[in-house]
Structure formats: C-alpha cells, structure tokens
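Structure, as structure tokens:
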Amino acid sequence: MKSLFSILIAGAALHCAGAECIVPSKPGGAMDLTCKLAREGLRSEADAPALRLSYLPGGIGAVAWHTMAAQRGSEKDTLVAFSGGSLLNLAQGKFGKASADDVRWVAALGADYGMIAVRSDSAFRNLADLIDALRREPEKVLIGVSGTIGSQDWMKMALLARSAGIDPKVLRFVALEGGGEAFTAMHANHVQVVSGDASEATLYAGAGAGKVRVLAVLSERRLPGVLSQAPTAREQGVDVVWPIIRGVWMGPKVADAEYRRWVGSFERMTSSADFARLRAAHGLYPFTLTGPALTDYIHKAVADYNRQARQFKLIR
C-alpha cells in the first residue's frame, strides 16, 4: 500500500505539471505564438491549470498530429496548436489518411494573414521589385517557406506568381520547419524572401527590431499596429488575400466533460476585453469560435482548401 506521503508527493507533482500546449513546429513561429497566447490568456481563468509549452516538430505538423491522435488521444489537459496551414495539409492528405474528425477542435483564438518579407537591407523595395526579379531570373531568388510544395506558405507565393503570369513551377523554394526557422534562414542570407504570416513578421519588424521589410500583407486592408505601414498586395495590383485561422485542438478520446470544460474556459477567455488586448499584442485579429461551431467551420475550410489544392494539381 502506498504511504500517505507518497500519494501527496505524486499529487503535488501532477498539480505542478499542469496542462500542456504542444507546438507542432520549432520555436519562434506562429504556432509557438498561438500556444503562448493561450497560456497568457488562460492565466485569468480560475479553473484552468497553468499551461506549459512543449515542442514536437516534424512533418509540417504530422508528427504532433499522429502522436496525439494515436498515442495520447485521451490526455485531458493537452492542447495542440493549429492553423489554416494544418487544415490545408489535411485537405491534401499530407497527414496520411487523417481527417478533421480524428481530433476534438477546442477553440479558434484569432485570425492571421499571409505576408511576404525580405531583409531590411534587401534590394526589393516593394512587391513589384520582387515580381520583376521572379520574371527575369527566378533561379536567383530563394524563397523560404514552412513546409514543402503545397504548404500554406507555398500556396501564398504560388497565388502571387500566378496572378502575375508566372508559372509557380519555376520558383525556387527552400522547405523549412516553421516560421521561426524561415526568418533565421533569411537573416543568415540563406534565402532572400520569406513567405510567412503577419504575426511572425511583427516579431521582427516592430520598433527596435527593424530586421525585416514586409513587402505585402495578404489582407483585405492594411493591418493595424506594428505592420500598419506595410501595404497590401491588392494595393500593389495583385489581388491575393490569404486569411489564417489560429487555435487549439485536443485528442479524440478526451472525455466529453473534460472537452466541455476546456471549451468553456476558452469561451470565457476570448470574450474578455483583456484577451482582446492580448490578442492584438500577439499580432492577431478578432476571430473566435469554439466547440461544435468551430468543428463545423473546420470541415468547411478543409473542403475549400481541397478545391484550391486541386486547382494547382496538388492532389492526384
């Protein structure tokens, strides 16, 4: 029989462990930011345990997906960050036979947008400069993206190229693991351009940072805050918009009561004025869905991404 002391020690250890938010990429990118936003926002929730971050990169999210869905599917206090890129990968079959029904969708925390960035000392001053270079000598412009052909970052550049009459097949992409790695590669001049997300760019383009120049944000109108001076692609004659959902999901075998508890915590968190300020500080924009409403949205989004992928012949 276990002693009372050993039981108390075990309970204390479990309490200290708290909950976990898994970042399915390397540190420094937008998935990392999503978990950090969830951690900071939940601090105001009395019934939510402290959230620690862990990193499980690999396969542009496939490693985390299969680990949680198949091996850790019943963990009641484990969340995993996702984005529109995750849904695009699902739509293209990049997670194998996985489908949106394999996990439990908890909450969307906000919206992000695609963007194209270069180093602050780059010769590319605007989107037209970049497009001209891609027309003339595409082999000399290395584009850093998170993931491989067909990934979300690849799709953004492919849409921009196609709208400018450039065949995406002539572009030179460098596949990296997450936005943080892409920006690191650009700072080291291993790539000249990053196709990424606005929230990632805010980490490098803010006051005192000045490490990047955002050539275009892929939003309907200019974004407020750090990137307020960055023009949209539409302003520059290229009609491409790429919104991105950001949120968290749980394993498929989590008990209904535990799932509803987390959904409730995120519903309260995202409805507060404090969270609105926190979300803005993390470079995200209002977009909140939870539980069944989010699940419905996910299914529709995956179907839409599937249609887009077929246009580029990414699904056979």
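The two residues Ser86 and Phe95 come nearest to each other via the heavy atoms O-CE1, 4.1 Å. Taking each heavy atom of Ile131 and Ala164 in turn, the nearest pair found is CG2-CB, 3.8 Å. In terms of heavy atoms, Arg279 sits closest to Gly110 at CD-CA, 4.2 Å. When every heavy atom of Val191 is checked against every heavy atom of Ala182, the shortest pair comes out as CG2-O, 4.2 Å. Counting all heavy atoms, side chain and backbone alike, Tyr259 lies closest to Gly291 at OH-CA, 3.3 Å. Considering every non-hydrogen atom in both Ala233 and Leu218, the closest pair reads CB-CD2, 3.7 Å.
For the pair Phe287/Ile245, a side-chain contact is recorded, criterion being any heavy-atom separation below 4.5 Å from C-beta on. Residues Ile166 and Pro138 form no side-chain contact, since every pair of their non-hydrogen atoms from C-beta on lies 4.5 Å or further apart. Looking at Val118 and Gln192, their side chains never come closer than 4.5 Å, going by heavy atoms from C-beta outward. With a 4.5 Å cut-off on side-chain heavy atoms, Phe312 and Pro168 count as touching. Under the 4.5 Å side-chain criterion, counting only non-hydrogen atoms from C-beta, Val240 is not in contact with Lys156. By the 4.5 Å heavy-atom criterion applied to side chains, Glu235 and Arg221 are not counted as neighbours. In this structure the side chain of Asn306 reaches within 4.5 angstrom of the side chain of Ile315, judged on heavy atoms. No side-chain heavy atom of Thr295 sits under 4.5 Å from any side-chain heavy atom of Arg104.
Residue Phe173 holds its CZ atom at 8.0 Å from CD1 of Ile149, rounded to the nearest 0.5 Å. From Met186, atom CE reaches atom OG of Ser122 across 8.5 Å, with rounding to the nearest 0.5 Å. Between the CG atom in Leu79 and the SG atom in Cys35 there is a gap of 7.5 Å [rounded to 0.5 Å]. Atoms CD1 and CG, on Ile143 and Leu130 in that order, are 6.5 Å from each other to the nearest 0.5 Å. To the nearest 0.5 angstrom, Thr232 atom OG1 is 9.0 Å from Leu223 atom CG. One distance of note links CG of Leu53 with CE of Met31; it measures 13.0 Å at 0.5 Å rounding.
Environment of CG in Leu56: crowded, with over 12 heavy atoms of neighbouring residues, nucleotides or ligands closer than 6.0 Å. Other residues, nucleotides and ligands contribute only 12 or fewer heavy atoms inside 6.0 Å of the CZ atom of Arg125. The number of heavy-atom neighbours closer than 6.0 Å to CD of Glu139, taken from other residues, nucleotides and ligands shown, is above 12.
Evaluated for a side-chain contact (heavy atoms from CB on, under 4.5 Å) with Arg246, the options Leu37, Asp112, Leu109 yield exactly one hit, Asp112.
Of the charged side-chain nitrogens involved, at least one lies within less than 4.0 Å of a carboxylate oxygen, so that Arg72 and Glu20 count as a salt-bridged pair. In this structure, Glu45 pairs ionically with Arg268, as a charged nitrogen and a carboxylate oxygen lie closer than 4.0 Å. Salt bridge present: Arg119 and Asp121 bring a charged side-chain N and a carboxylate O closer than 4.0 Å. Ion pairing between a basic and an acidic side chain is recognised when a charged N comes within 4.0 Å of a carboxylate O; Arg261 and Glu258 show such pairing.
Side chains of Tyr55 and Asp32: a donor on one and an acceptor on the other come within 3.5 Å. Of the N and O atoms on the side chains of Asp77 and Trp262, at least one donor lies less than 3.5 Å from an acceptor on the other residue. Side-chain contact check for Thr290 and Glu267: at least one donor-acceptor pair (N or O, by modelled atom type) lies under 3.5 Å.
Evaluation of the salt bridge (Lys or Arg N to Asp or Glu O under 4.0 Å) test over residues 171-187, restricted to residues two or more places apart or in two chains, returns Lys26-Glu181.
Note: the hydrophobic cluster containing Val63 does not contain Val248 (ILVMFWY, side chain heavy atoms under 4.5 Å, direct or indirect links). Grouping the Ile, Leu, Val, Met, Phe, Trp and Tyr side chains by contacts below 4.5 angstrom, directly or via other members, places Tyr113 with Leu227. Residues Val241 and Leu215 are members of separate hydrophobic clusters, defined by side-chain heavy-atom contacts under 4.5 angstrom among Ile, Leu, Val, Met, Phe, Trp and Tyr. Placement of Leu284 and Val217 in two distinct hydrophobic clusters is found when ILVMFWY residues are connected by side-chain heavy-atom separations under 4.5 Å, directly or transitively. In the hydrophobic clustering of ILVMFWY residues, with side-chain heavy atoms under 4.5 Å counting as a link, Val80 and Leu33 come out apart.
Between Phe82 and Trp105, a ring centre-to-centre spacing shorter than 6.0 Å is recorded. Two rings, from Phe275 and Phe266, have their centers 6.0 Å or more apart.
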Residues Ser146, Gln152; criterion side chain to side chain contact (heavy atoms under 4.5 Å, CB included); working and verdict
CA-CA 8 Å; Ser146 177; Gln152 178 172 233; over 6 Å; no
Can Gln308 and Asp304 be said to form a side chain to side chain contact (heavy atoms under 4.5 Å, CB included), step by step?
CA-CA 6 Å; Gln308 283 186 313; Asp304 288 341; 5.8 Å; no
Verdict with reasoning, Ser120 to Val212, per side chain to side chain contact (heavy atoms under 4.5 Å, CB included)
CA-CA 4 Å; Ser120 57; Val212 306; 6.0 Å; no
Walk me through whether Trp242 and Met115 qualify under side chain to side chain contact (heavy atoms under 4.5 Å, CB included).
CA-CA 8 Å; Trp242 191 274; Met115 66 85 223; over 6 Å; no
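Every residue meeting the salt bridge (Lys or Arg N to Asp or Glu O under 4.0 Å) condition with Lys140, not counting sequence neighbours, appears here in chain and number order: Glu137. His187 pairs by the ring-ring contact (aromatic ring centres under 6.0 Å, His included) definition with Tyr204, not counting sequence neighbours. Taking the side chain to side chain donor-acceptor pair (under 3.5 Å) definition, one finds that Thr78 meets it with Glu75, sequence neighbours left out. Residues passing the salt bridge (Lys or Arg N to Asp or Glu O under 4.0 Å) test with Arg277, sequence neighbours excluded: Asp274. Residues passing the side chain to side chain donor-acceptor pair (under 3.5 Å) test with Ser74: none are found, sequence neighbours excluded.
The backbone N or O of Met68 sits nowhere less than 3.5 Å from a side-chain atom of Gln71 that would complete a donor-acceptor pair. Distance alone, capped at 3.5 Å, places no donor-acceptor pair between the Asp197 side chain and the Glu200 backbone.
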